[in-house]
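No hydrogens, no waters, no symmetry mates; every other heavy atom, side chains included, goes into these values. Everything quoted here is computed from the prediction, not taken from an experiment.
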Protein chains: 2
Amino acid sequence: MNVLEKIVNSVTNFSKSERKVAEVILANPQTTIHSSIAALAKMADVSEPTVNRFCRRLDTKGFPDFKLHLAQSLANGTPYVNRHVEEEDGPEAYTAKIFESTMAALDSARHNVDINTINRAVDVLTQAKKISFFGLGASASVAHDAQNKFFRFNVPVVCFDDIVMQRMSAINSAEGDVVVCISHTGRTKNLCDIASIARENDATVIGVTAYDSPLARECTLVLSLDVPEDTDMYMPMASRVAQLVLIDILATGFTLRRGSKFRENLKKVKDSLRGSRFEKKDNPA
Amino acid sequence: MNVLEKIVNSVTNFSKSERKVAEVILANPQTTIHSSIAALAKMADVSEPTVNRFCRRLDTKGFPDFKLHLAQSLANGTPYVNRHVEEEDGPEAYTAKIFESTMAALDSARHNVDINTINRAVDVLTQAKKISFFGLGASASVAHDAQNKFFRFNVPVVCFDDIVMQRMSAINSAEGDVVVCISHTGRTKNLCDIASIARENDATVIGVTAYDSPLARECTLVLSLDVPEDTDMYMPMASRVAQLVLIDILATGFTLRRGSKFRENLKKVKDSLRGSRFEKKDNPA
DNA sequence: GCACATTTGTAATTTTATTACAATAAACTT
DNA sequence: AAGTTTATTGTAATAAAATTACAAATGTGC
């Protein structure tokens with residue numbers, strides 16, 4: 001356990017003077033690691049040996065060792081845990097929490113995702129005659145993003161966030177076409193229909209969705225991303241970031257499969273943007 | 001920069017004896033933080049002052065301070081470094097690399113982002129009569145996502161990924177309106193125009209873009225995210241994830257500012273989706 | 001209110017780090 | 001290549017910091 005947490009947890013075991021020391025340390029931990037035992041003792045208005053005893057009570061070898069542990073706690077604190085945003089949080093607090101819980105979500109997704117399925121999805125995508133990305137609501141922007149990526153590969157790509165268009169597109173799909181359905185919950189009725197229609201027309205359907213959901217059952221291949229979502233906010237946040245990263249992975253797999261010759265192509269696409277941009281001073285031509 | 005990396009990087013600037021010290025430290029960093037200067041000097045077979053000079057060369061105040069920095073580096077363990085995808089990478093490799101570099105990007109963004117500006121942006125957004133999100137290319141999907149979030153707040157929100165629509169919308173903006181322009185590079189000419197037009201019409205312009213870019217100069221408020229992008233892939237990946245997280249943060253700040261009463265509203269929006277979804281077995285009604 | 005235990009502080013000691021300076025080694029000049 | 005300069009390293013003295021031993025003070029139970 002982290003020293004800082006340890007201090008908080010064992011406050012009850014401390015004596016009066018030790019508590020004074022704890023308070024000073026918790027109030028300015030960053031200062032503490034750069035202070036001598038004498039300075040800290042003075043700040044807490046106790047004697048030096050009291051500080052030393054305080055350190056020992058926390059199972060450290062002494063004051064310098066304690067500072068080491070404290071420094072480590074401060075370096076990363078609780079690395080990437082899913083901390084929920086609370087009513088009273090100020091900007092620093094909620095910013096940190098959202099970054100951290102997003103990272104925690106990615107970390108979790110990384111361990112849960114099935115590499116094998118990813119590989120098969122890449123297989124299917126590289127051989128596709130046409131690729132369609134469908135999503136609704138929050139997942140629509142993920143579908144758009146996917147389109148923006150795969151479009152660069154010079155493959156026919158479509159993306160619809162309109163049920164009617166999706167439906168028409170699905171009905172027109174044929175063998176060799178790949179339909180990617182994106183939905184965090186996997187319970188959106190309309191999207192399940194789309195998946196079902198596409199399959200009936202012999203398209204391969206990849207679901208970026210929850211394993212064991214109605215949508216998953218309609219798909220040929222399911223890419224599941226078990227992400228713990230903070231439902232307090234009533235908005236999909238971390239889950240959608242994980243979906244995007246998954247798209248990045250599929251796109252990367254795609255380019256790698258196609259080989260280096262193909263990557264020249266990507267460079268061309270990127271270079272084509274130059275005309276629409278202001279040049280960087282240090283990057284003429 | 002992390003002390004360990006610093007040692008590796010500045011190895012060329014070291015003298016012979018200092019290099020001996022560096023080797024010993026790199027070989028057993030964990031031991032180092034629990035050693036005295038005398039012990040370390042002996043291990044490296046140099047004198048104590050040499051060790052001290054070594055520490056100073058690394059911009060630390062002395063040996064104890066150096067140990068503190070080293071402890072922090074070790075705590076971090078630099079778990080999420082930006083590892084580049086390579087030609088020969090298999091699915092496990094590139095999947096892991098993309099997850100990790102995305103997380104590294106978020107970690108970096110977290111430390112670079114200016115909380116103060118975030119707070120001011122939230123201020124401005126909560127007071128907006130109308131909010132517009134504009135992005136082009138890869139940033140368009142970020143804009144869509146933002147729309148999807150802010151739309152739930154029952155505030156007038158628009159989002160265009162079409163230059164003509166953006167232009168018309170910008171020209172019609174007025175005091176009290178907030179325009180959010182999203183662009184990783186900040187060099188997209190058309191978007192700079194939009195920002196400029198919006199400002200001329202007294203709208204507040206928030207730029208989610210690179211600090212010190214043409215777009216940034218047109219904005220009232222700049223939210224910069226200094227993310228190291230893997231340009232080998234010729235696609236914006238990590239940077240766009242960071243932008244999304246930033247949107248999440250702004251949306252969260254918005255809801256917190258509005259208070260708990262307002263959050264009831266969000267729940268209603270979410271509940272409204274129920275009809276379009278298959279119910280969960282364990283969640284009837 | 002006294003004996004005992006716990007907590008806290010003072011002062012001495014020890015450990016640890018730093019400084020000042022001298023010796024050595026390397027580089028450069030003529 | 002010898003002499004001069006500069007950089008590097010080490011020795012010994014000094015200073016700083018932390019720890020220990022012990023004594024005073026405070027609190028607790030009977």
Would a distance-only check, ignoring hydrogens and angles, find a side-chain to backbone donor-acceptor pair under 3.5 Å from B/T102 to B/I98? yes
Report the relative orientation of the aromatic rings in A/H69 and B/H34; use parallel for angles under 30°, tilted for 30 to 60°, perpendicular for over 60°. tilted
Are the charged groups of B/E18 and B/R53 less than 4.0 angstrom apart, N to O? no
Considering only NZ, NE, NH1 and NH2 on the basic side and carboxylate oxygens on the acidic side, decide whether B/D123 and B/R120 come within less than 4.0 Å. no
Produce a footprint string for nucleotides 7-23 of chain C: one letter per nucleotide, 5' end first; B if the base is under 4.0 Å from any protein heavy atom, S if only the sugar-phosphate is, - if neither. SBBB------SSB----
Could you tell me whether a side-chain N or O of B/K67 sits under 3.5 Å from a main-chain N or O of B/S35, the two making a donor and an acceptor? yes
